[in-house]
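Just so it is clear: chains get the letters A, B, ... in the order the sequence lines come, proteins before strands, and each one is counted from 1. Please read all numbers here as calculations on a predicted model, not as lab measurements. Any value given below was found using the heavy atoms of this structure, including those in side chains, with hydrogens, waters and symmetry copies removed.
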Number of protein chains: 2
Amino acid sequence: MDTNSQNLKLEDHFCFSLYACSRAILRLYRPYLDELQLTYPQYLVLVTLWEKPQRTIKELGEILNLDTGTLTPLLKRMEAAGLIERRRDTVDERVMNIHITQAGQLLQEKASCVPQSLFDATGMSKKELDEINETIMRLLHQLNGEGKK
Amino acid sequence: MDTNSQNLKLEDHFCFSLYACSRAILRLYRPYLDELQLTYPQYLVLVTLWEKPQRTIKELGEILNLDTGTLTPLLKRMEAAGLIERRRDTVDERVMNIHITQAGQLLQEKASCVPQSLFDATGMSKKELDEINETIMRLLHQLNGEGKK
DNA sequence: TAAAAAAGAATTTTGTGCAATTTAATTGTT
DNA sequence: AACAATTAAATTGCACAAAATTCTTTTTTA
C-alpha cells in the first residue's frame, strides 16, 4: 500500500511533539503573564535579572538563545514599560548593559506563584517533570553543541 | 541569603528547556527545509497531506494546534508556491478544502531523508528519542486536555 | 419561515524569531 | 599612527503565532 515507507507520520516526528508542547505551555502561561503585562520571553528576561540584576544583551542572548534581532526591540518595550533600563557601558561603548528597575524587582513577588500554577496544570509529578527537564536539557546541550561544530 | 526561595532559576523552569529545545530543533531543520523552500510549519502541513491528500483548514488546525490567523496566510503562500490548492467546499461553502498538488507530492521524495538527518543530529538513540517523544506526547495531551476544561 | 445562534475563515494587530546587513567601537598588526 | 579584523548592537525583511473582530454561510428554533 505505502510505496514509501520511510516517510513518517506526524506523531512519529519527535520534533512535532516538542514544537506543539512548547506552544501549549505558552498558552498556559498567557493568562498569568497577561496579568503581569508580560510576554513569555519578557518573563524569561526578568527571571534571569532576578538572579543577577545586571547583564549585557550579549549575555542575555547566550543564556536564552536569542539574537539581537529579537532582544533589542523586546528590551526596548520592557524599558518603555519601566521594568528595565538600558545603559551603554562607559568602558566599552559597544556594550549595552541591562539593569532591572525597582518596578521590575517588585514583579518577582507577584510572579512567584506562576511556576506552581504551571506545575499543577501539567498533571505530572515533580519527579516526572524533573526527569523530563533533565532529558530535554541534555538534548538541548547536544543540539547546541552540534550546531557550533 | 535568598529572601524569596520560591523563585526558581531559569534552568529549573522546565518550560524553558522545552521552549529553547524546540527552537534549537527548528534551527537544525532550517538548512534542509531551506533547500526545499519550506518553513517548518509548512513542512508539517505537507506531512499531514502526504498521509491524506485532502483536509479542511479546520482539520489542519486541530491536528497542528494552529489557528486560522496562522494557517490562512501560510496556506496562501503554499498555494502561491504551487504545493497545494485551496478550494471552497461545494456542499458547505464555509469550508475551505486543502488539496496537495503534484508538485507537493513530489516533495515527499526529496524530503524523505530529513527525519534521518535530524535523528543523527540529536546524538541520541532511537530508544531514547522514542521515550522522550512518548513522554512529551503524554504531556501535550495532558496540557491540551486541561486547556479545554 | 424568519430571526437567532453557531460554525468556518479571513482579517487585523501585536510581538516574537531569525537571517542578513549595517554601524560603531575596540583590538591587533604592521 | 594607520589600517585590517573583530566584536556588540541595531536595523531590515520575512514568516510565524495567537487573540480579537468581522464576514459569510449554515443550522436551529420559536
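The same ILVMFWY cluster, assembled from side-chain heavy atoms under 4.5 Å apart, contains both B:Leu36 and B:Leu44. Cluster membership for B:Leu28 and B:Tyr32, using ILVMFWY side-chain heavy atoms within less than 4.5 angstrom, is shared. The same ILVMFWY cluster, assembled from side-chain heavy atoms under 4.5 Å apart, contains both A:Leu26 and B:Ile136.
One distance of note links CE of A:Met78 with OG1 of A:Thr101; it measures 8.5 Å at 0.5 Å rounding. Taking OG1 of B:Thr122 as the reference point, atom CG of B:Leu118 lies at 8.0 Å (rounded to 0.5 Å). Atom CD of A:Gln42 sits about 11.0 Å away from atom CG of A:Leu71, to the nearest 0.5 Å.
Per the geometry, CZ belonging to A:Arg55 stands 16 Å off P belonging to D:dA8, to the nearest Å. Computed from coordinates, the B:Ile57 CD1 to D:dA18 P distance equals 16 Å when rounded to whole Å. The OH atom of B:Tyr19 sits 12 Å away from the P atom of D:dA17 (whole-angstrom rounding). Counting to the nearest Å, the C1' atom of D:dA10 and the CG atom of A:Leu75 are 12 Å from each other. Atom pair B:Leu71:CG and D:dA15:P shows a separation of 16 Å (rounding to whole Å applied). Distance, B:Asn65 CG to D:dA17 C1': 12 Å, rounded to whole Å. Distance, B:Leu60 CG to D:dC16 C1': 16 Å, rounded to whole Å. For the pair A:Lys76 NZ and D:dA9 P, the interatomic distance rounds to 13 Å; values are reported in whole Å.
Side-chain contact check for A:Arg27 versus B:Asn65: some heavy-atom pair is nearer than 4.5 Å. Residues A:Phe16 and B:Val47 fail the side-chain proximity criterion, which asks for heavy atoms closer than 4.5 Å. A:Ile57 is not listed as a side-chain neighbour of A:Asn97, based on a closest heavy-atom distance of 4.5 Å or more.
If you find the closest nucleotide of DNA chain D to A:Ala24 and to A:Asn97, the one lying nearer the 5' end belongs to A:Asn97. A residue-by-residue look at A:Leu66 and B:Thr56 shows that B:Thr56 has its nearest nucleotide of DNA chain C further toward the 5' end.
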Identify the pairs formed between an N or O of the protein and an N or O of nucleotides 2-5 of chain D at a distance under 3.5 Å, and give each distance.
none

Assess whether salt bridge (charged side-chain N to carboxylate O under 4.0 Å, His left out) is satisfied between B:Glu93 and B:Arg88, documenting all intermediate values. CA-CA 6 Å; B:Glu93 294 209 358; B:Arg88 286 275 167 202; over 6 Å; no
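Every ring pair (Phe, Tyr, Trp, His ring centres under 6.0 Å) that A:Tyr19 has, sequence neighbours left out, goes to B:Tyr40.
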Can you give the dot-bracket line for DNA chain D, using ( ) for pairs inside the strand, [ ] for pairs that cross earlier ones, | for pairs with another strand and . for unpaired bases, where Watson-Crick and G-U count if both distances are under 3.5 Å? ||||||||||||||||||||||||||||||
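For DNA chain C, the outermost nucleotides in 5' to 3' order that have an atom under 4.0 Å from a heavy atom of chain B are C:dA7 to C:dA19.
Under 4.0 Å is where a charged nitrogen must lie from a carboxylate oxygen, and between B:Arg87 and B:Glu79 no such pair does. Salt bridge absent: A:Lys110 and A:Glu35 never bring a charged side-chain N and a carboxylate O closer than 4.0 Å.
Within residues 32-46 of chain B, no residue approaches DNA chain C, by heavy-atom distance under 4.0 Å. Within residues 77-94 of chain B, the residues approaching DNA chain C are B:Arg86, B:Arg88, B:Arg94, by heavy-atom distance under 4.0 Å.
OP1 or OP2 of D:dA10 lies within a sub-4.0 Å distance of a side-chain N or O belonging to A:Thr72. Residue A:Lys58 has no polar side-chain atom (N or O) positioned under 4.0 Å from OP1 or OP2 of D:dA10.
Counting any heavy atom pair closer than 4.0 Å across all strands shown, A:Leu26 reaches no nucleic acid atom.
For the 3.5 Å distance criterion, the side chains of B:Ser17 and A:Asn133 qualify, holding a donor opposite an acceptor.
Minimum interatomic distance between A:Cys21 and B:Leu18 (heavy atoms only, all atoms of both residues): SG-CD1, 4.2 Å.
A perpendicular orientation is assigned to the rings of A:His13 and B:Tyr43, their planes being inclined by more than 60° (bins at 30° and 60°).
Counting heavy-atom neighbours within 6.0 Å of B:Lys52 NZ, excluding the residue itself, gives a total above 12.
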